[in-house]
Protein chains: 2
Amino acid sequence: MDAATALIIYRTYLERYVTFSTEEWEAFTQHVTFTKLKKKQHFATADTVCDKFGFLVSGSVRYYHIINGEDITSYFSFEQEFTSSYKSFLTRTPTITYIQALEETRLINISYDAFQQMLANPILAHKMERFGRLVAEHYLCCYEDRVASFITQSPEERYLQLLQTGRDILQRMPQHYIAHFLGITPVSLSRIRKRILEPVIK
Amino acid sequence: MDAATALIIYRTYLERYVTFSTEEWEAFTQHVTFTKLKKKQHFATADTVCDKFGFLVSGSVRYYHIINGEDITSYFSFEQEFTSSYKSFLTRTPTITYIQALEETRLINISYDAFQQMLANPILAHKMERFGRLVAEHYLCCYEDRVASFITQSPEERYLQLLQTGRDILQRMPQHYIAHFLGITPVSLSRIRKRILEPVIK
DNA sequence: TCAATTTCTTATCTTTTGTTAACGTTTTGA
DNA sequence: TCAAAACGTTAACAAAAGATAAGAAATTGA
């Protein structure tokens with residue numbers, strides 16, 4: 001896949017949020033970059049500022065933390081989704097999260113400086129404010145549900161809900177990543193799966 | 001406190017996000033309403049659409065869910081903070097969260113319709129897009145930290161961190177609310193407190 | 001291809017948390 | 001003011017989860 005194709009995919013996706021005139025799109029594309037990550041390469045690294053806001057044209061990434069030397073996965077993003085260590089990107093402070101490609105992954109990135117330049121550019125400012133608002137609102141809604149799941153549901157209930165709503169995650173991620181994503185250990189998830197399946201067999 | 005005083009407080013706070021000219025503030029204030037909630041009155045109710053985005057001029061609220069008939073507190077907001085069932089407000093879908101005043105509370109509210117009107121008003125549109133973006137980004141950053149705390153920390157670690165950063169919550173909320181906010185039961189929080197204090201005494 | 005690594009399950013044991021109930025204290029509100 | 005309700009702690013027991021290790025199966029990558 002070449003950059004031109006990636007930009008077509010990007011534009012199609014972005015138009016869920018804002019539509020661009022030819023002139024606006026021309027100006028916009030001058031601020032983005034097309035990159036690739038090989039499997040296991042990092043998009044963001046803990047203790048550094050994440051200065052890009054990316055869009056996954058193809059591939060997938062996982063978010064993870066190193067806690068007492070252990071690798072703890074907290075989230076995933078797939079093709080046709082954005083990725084960034086958002087707080088770090090917005091506040092220009094070091095992130096605590098690694099973001100790693102799980103396969104050959106193609107991205108289109110907006111750097112922090114490019115984002116600021118677009119916000120200061122009369123041709124793009126209003127659309128970029130709106131775009132930034134709608135994207136932040138979208139992820140806010142996702143986070144609201146996720147926090148509620150930790151407060152109101154048991155690990156088993158969270159897994160049962162994932163079975164209904166998490167096709168990409170379930171089919172494409174190893175179980176020990178999913179376990180940490182649910183806030184439990186891999187051994188515990190294995191037991192939960194056994195608890196759920198056994199009554200069906202009997 | 002009267003509405004005029006409340007508006008001064010509101011404007012001072014909002015100017016952390018955007019500044020208003022006299023004309024803009026004039027137009028803006030025509031879209032907001034000043035209201036009061038008595039103790040235990042609700043700002044939002046589960047299974048209904050939350051159609052306001054509020055600012056707490058004074059007082060405080062808690063967010064809670066009813067799970068199997070039990071009251072589970074998930075969050076708090078205090079004076080000089082916004083409050084809303086944000087996802088419900090943005091998506092116009094029923095919320096699953098109750099928001100209840102914990103004391104006599106004064107608010108300034110923006111209704112969903114007022115927000116849309118301001119976004120469509122040439123005088124205010126750009127500032128409101130920016131305001132909406134910055135507010136959403138701010139809460140996104142808070143949520144990012146909170147989700148990370150559930151993935152990477154034990155309940156005891158979350159409580160220890162709250163001891164360092166949660167003065168308002170610790171001083172103004174009963175312990176059983178704090179327990180559910182941390183994702184555990186009140187009995188469990190009582191034990192954690194005992195574990196933490198005992199080594200100090202010995 | 002084939003050894004190394006990763007992944008998942010299972011078992012054992014420990015620790016933590018949940019559940020329920022009781023008790024004393026504090027707060028509330030009529 | 002005073003009874004009722006709310007609050008925090010503790011105990012006892014059950015359930016769940018964490019830690020560690022072992023082993024089998026699947027996957028990987030040189």
Side-chain angles (χ1 to χ4, degrees), chain A residues 38-41 60 62 64-65 67-74 76 100-104 149-160 162-163 169-201, chain B residues 38-41 59-60 62 64-73 76 100-105 149-160 162-163 169-201:
Chain A
K38 289 181 190 159
K39 186 171 179 174
K40 295 192 181 175
Q41 276 194 315
S60 57
R62 75 177 175 112
Y64 70 96
H65 302 252
I67 307 294
N68 302 327
E70 201 190 352
D71 172 329
I72 308 289
T73 297
S74 61
F76 314 99
Q100 181 187 48
L102 292 165
E103 57 196 296
E104 175 101 353
S149 80
F150 285 112
I151 298 289
T152 66
Q153 296 184 301
S154 66
E156 180 167 329
E157 288 167 334
R158 289 199 292 278
Y159 180 64
L160 287 168
L162 188 71
L163 285 178
I169 291 175
L170 291 166
Q171 290 181 356
R172 296 170 62 180
M173 294 298 145
Q175 197 171 301
H176 64 292
Y177 288 173
I178 295 172
H180 289 303
F181 166 75
L182 293 170
I184 57 178
T185 61
V187 175
S188 191
L189 178 55
S190 184
R191 282 189 292 231
I192 286 171
R193 284 163 53 83
K194 194 179 177 187
R195 280 208 300 271
I196 292 169
L197 288 171
E198 269 178 351
V200 177
I201 294 166
Chain B
K38 288 180 192 158
K39 186 172 178 173
K40 295 194 181 173
Q41 276 193 315
S60 57
R62 74 177 175 114
Y64 70 95
H65 300 254
I66 300 295
I67 307 293
N68 302 326
E70 199 189 353
D71 172 328
I72 308 289
T73 297
F76 314 98
Q100 181 187 47
L102 291 166
E103 55 194 299
E104 175 102 351
T105 294
S149 79
F150 285 112
I151 297 289
T152 66
Q153 295 184 302
S154 66
E156 181 168 328
E157 288 168 334
R158 289 199 292 278
Y159 179 65
L160 287 169
L162 188 70
L163 285 178
I169 291 174
L170 290 166
Q171 290 182 356
R172 296 169 62 179
M173 294 298 146
Q175 197 171 302
H176 63 292
Y177 288 172
I178 295 172
H180 288 304
F181 166 75
L182 293 171
I184 56 178
T185 61
V187 175
S188 190
L189 178 55
S190 184
R191 283 188 292 230
I192 285 170
R193 284 163 52 82
K194 195 180 177 189
R195 278 207 301 271
I196 292 169
L197 287 173
E198 268 180 351
V200 177
I201 295 166

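Note on naming: letters A, B, ... go to the chains in the order of the sequence lines (proteins, then strands), and numbering restarts at 1 for each one.
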Could you list the donor-acceptor pairs under 3.5 angstrom formed by side chains in residues 170-178 of chain A, with sequence neighbours left out?
{"unit_1": "Arg172(A)", "atom_1": "NH1", "unit_2": "Glu79(A)", "atom_2": "OE2", "d": "2.7"}
{"unit_1": "Arg172(A)", "atom_1": "NH2", "unit_2": "Glu79(A)", "atom_2": "OE1", "d": "3.0"}
{"unit_1": "Arg172(A)", "atom_1": "NH2", "unit_2": "Glu103(A)", "atom_2": "OE2", "d": "3.3"}
{"unit_1": "Gln175(A)", "atom_1": "OE1", "unit_2": "Arg193(A)", "atom_2": "NE", "d": "3.2"}
{"unit_1": "Tyr177(A)", "atom_1": "OH", "unit_2": "Arg62(A)", "atom_2": "NE", "d": "3.4"}

If we only count heavy atoms from C-beta on, is the Glu104(A) to Lys39(A) side-chain gap below 4.5 Å?
no
Calculate the interatomic distance between Asn68(B) atom CG and dT19(C) atom C1'; express it in whole Å.
13 Å
Straight-line distance of Ile72(B) CD1 to Gln153(A) CD, nearest 0.5 Å
12.0 Å
Side chain to side chain contact (heavy atoms under 4.5 Å, CB included) evaluation trace for Ser188(B) with Thr185(B)
CA-CA 5 Å; Ser188(B) 190; Thr185(B) 61; 3.3 Å; yes
N/O donor-acceptor pair under 3.5 Å between Glu70(B) side chain and Ile67(B) backbone:
no
Check: Ser60(B) main-chain N/O paired with Thr105(B) side-chain donor or acceptor under 3.5 Å:
yes
OP1 or OP2 of dT17(C) versus the side-chain N and O atoms of Arg195(B): is any pair under 4.0 Å?
yes
What pairs of nitrogen or oxygen atoms, one from the protein and one from nucleotides 24-30 of chain D, lie under 3.5 Å apart?
none

Could you tell me how far apart Glu156(B) (CD) and dG18(D) (P) are, to the nearest whole angstrom?
15 Å
Using whole Å, report how far CD1 of Ile72(A) lies from C1' of dG18(D).
12 Å
Which whole-number value in Å describes the distance from Phe150(A) CZ to dT17(C) P?
16 Å
Would you mind reading off the distance between Leu102(A) atom CG and dT6(C) atom P, rounded to a whole angstrom?
14 Å
Value for CZ (Arg158(A)) from OG1 (Thr152(A)), rounded to nearest 0.5 Å, stands at 9.0 Å
Go through residues 172-180 of chain A and report each residue with a non-hydrogen atom lying under 4.0 Å from DNA chain C, sorted by number.
Pro174(A), Gln175(A), His176(A)
Heavy-atom check, side chain of Ile192(B) versus side chain of Ile184(B), under 4.5 Å
yes
Listed by chain and number, what are the side-chain contact (heavy atoms from CB on, under 4.5 Å) partners of Lys40(A), not counting sequence neighbours?
Gln100(A)
Would you mind reading off the distance between Glu157(A) atom CD and dG18(C) atom P, rounded to a whole angstrom?
13 Å
Return the angle between end axes of the helix from dT1(C)-dA30(D) to dA30(C)-dT1(D), with five pairs used per end and rounding to 10°.
60°
If you take any heavy atom closer than 4.0 Å to DNA chain D, which residues from residues 181-191 of chain B end up in contact?
Val187(B), Ser190(B), Arg191(B)
Any chance you could measure Ile196(A), atom CD1, to Glu156(A), atom CD, to the nearest 0.5 Å?
5.0 Å
Is a donor on one side and an acceptor on the other found under 3.5 Å between the side chain of Glu157(A) and the backbone of Ser154(A)?
yes
For the atom pair OG1 (Thr73(A)) and OH (Tyr64(A)), what is the distance rounded to the nearest 0.5 Å?
8.5 Å
Grab the CD1-P distance between Ile196(B) and dT9(D) for me, whole Å please.
12 Å
Can you tell if the side chain of Leu189(A) reaches within under 4.5 Å of the side chain of Tyr159(A), non-hydrogen atoms only?
yes
Using 0.5 Å steps for rounding, measure from the CG atom of Asp71(B) to the CD1 atom of Ile66(B).
4.5 Å
Provide, to the nearest angstrom, the distance between the CD1 atom belonging to Ile192(B) and the P atom belonging to dT15(C).
16 Å
